[in-house]
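The structure appears right after this line, and notes come after that.
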Amino acid sequence: GVSEVPDVVSVQVTEEAKFAIVCSDGVWEFISSQEAVDMVAGFGKAHVQDATDSLCKEAWKRWIDEEGNVVDDITAIVVWLNDA
């Protein structure tokens, strides 16, 4: 069901962290956290918008492949933190 209570996690961001990915459940339904990291990392800082678009397009494709004409909301934010 739908809940107004968000899932919230606090993490210590270290200098090794390159980027942060925040997505709606429509992305996480068929894409694991590690897959998302691998997808985004391949684009690099200069192409962060392309990385975000690619992540959302892949989520859309997987919804269509799995559910046919049903797609949940797909929202993604990728913030590049540093070049480490």
Side-chain angles (χ1 to χ4, degrees):
V2 177
S3 171
E4 76 283 357
V5 180
D7 292 331
V8 178
V9 177
S10 295
V11 295
Q12 183 70 33
V13 177
T14 65
E15 289 184 20
E16 291 83 32
K18 291 183 178 182
F19 51 82
I21 303 172
V22 179
C23 299
S24 64
D25 63 331
V27 174
W28 302 127
E29 185 72 25
F30 298 112
I31 297 177
S32 71
S33 298
Q34 188 59 57
E35 283 181 289
V37 166
D38 293 344
M39 281 186 230
V40 169
F43 282 88
K45 182 178 183 177
H47 302 284
V48 68
Q49 183 63 56
D50 293 334
T52 308
D53 292 345
S54 180
L55 182 59
C56 290
K57 287 176 184 175
E58 182 62 24
W60 179 274
K61 178 187 174 303
R62 292 188 189 188
W63 270 97
I64 296 300
D65 290 348
E66 291 290 327
E67 302 292 333
N69 241 3
V70 176
V71 177
D72 198 357
D73 66 304
I74 296 173
T75 304
I77 300 170
V78 178
V79 178
W80 214 270
L81 303 173
N82 64 55
D83 294 322

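Considering I31, T75, I74 as possible partners of C56, the one that fulfils the side chain to side chain contact (heavy atoms under 4.5 Å, CB included) test is I74.
Hydrophobic clustering (ILVMFWY, side-chain heavy atoms < 4.5 Å, transitive): V37 and V27 are in one cluster. Following chains of ILVMFWY side-chain contacts shorter than 4.5 Å, one cannot reach V40 starting from V13, and the two form parts of different hydrophobic clusters. Hydrophobic clustering places I64 together with W28 (ILVMFWY residues linked when any side-chain heavy atoms are closer than 4.5 Å, directly or through intermediates).
L55 approaches C23 most closely through the heavy-atom pair CD2-SG, 3.9 Å. Of all heavy-atom pairs between F30 and E35, the closest is O-OE1, 4.0 Å.
Expressed to the nearest 0.5 Å, how far CG of L81 lies from NZ of K18 amounts to 11.5 Å. To the nearest 0.5 Å, the span separating CH2 on W63 from CG on N69 amounts to 12.5 Å. For the atom pair H47 NE2 and D53 CG, the distance stands at 12.5 Å (nearest 0.5 Å). D25 contributes atom CG, which lies 5.5 Å from atom CG of D73 (distance to the nearest 0.5 angstrom). For the atom pair OG of S32 and CE of M39, the computed distance is 7.5 Å after rounding to the nearest 0.5 Å.
Under 4.0 Å is where a charged nitrogen must lie from a carboxylate oxygen, and between K61 and D65 at least one such pair does.
A side-chain donor-acceptor contact under 3.5 Å links T52 to the backbone of V48.
In the displayed structure, K57 atom NZ is contacted under 6.0 Å by at most 12 heavy atoms of other residues, nucleotides or ligands.
Note on ring orientation: taking the six-membered ring where Trp is involved, the planes of W80 and F19 are tilted (angle from 30° to 60°).
Using modelled atom types and a 3.5 Å distance limit, the side chains of T14 and E16 yield a donor-acceptor pair.
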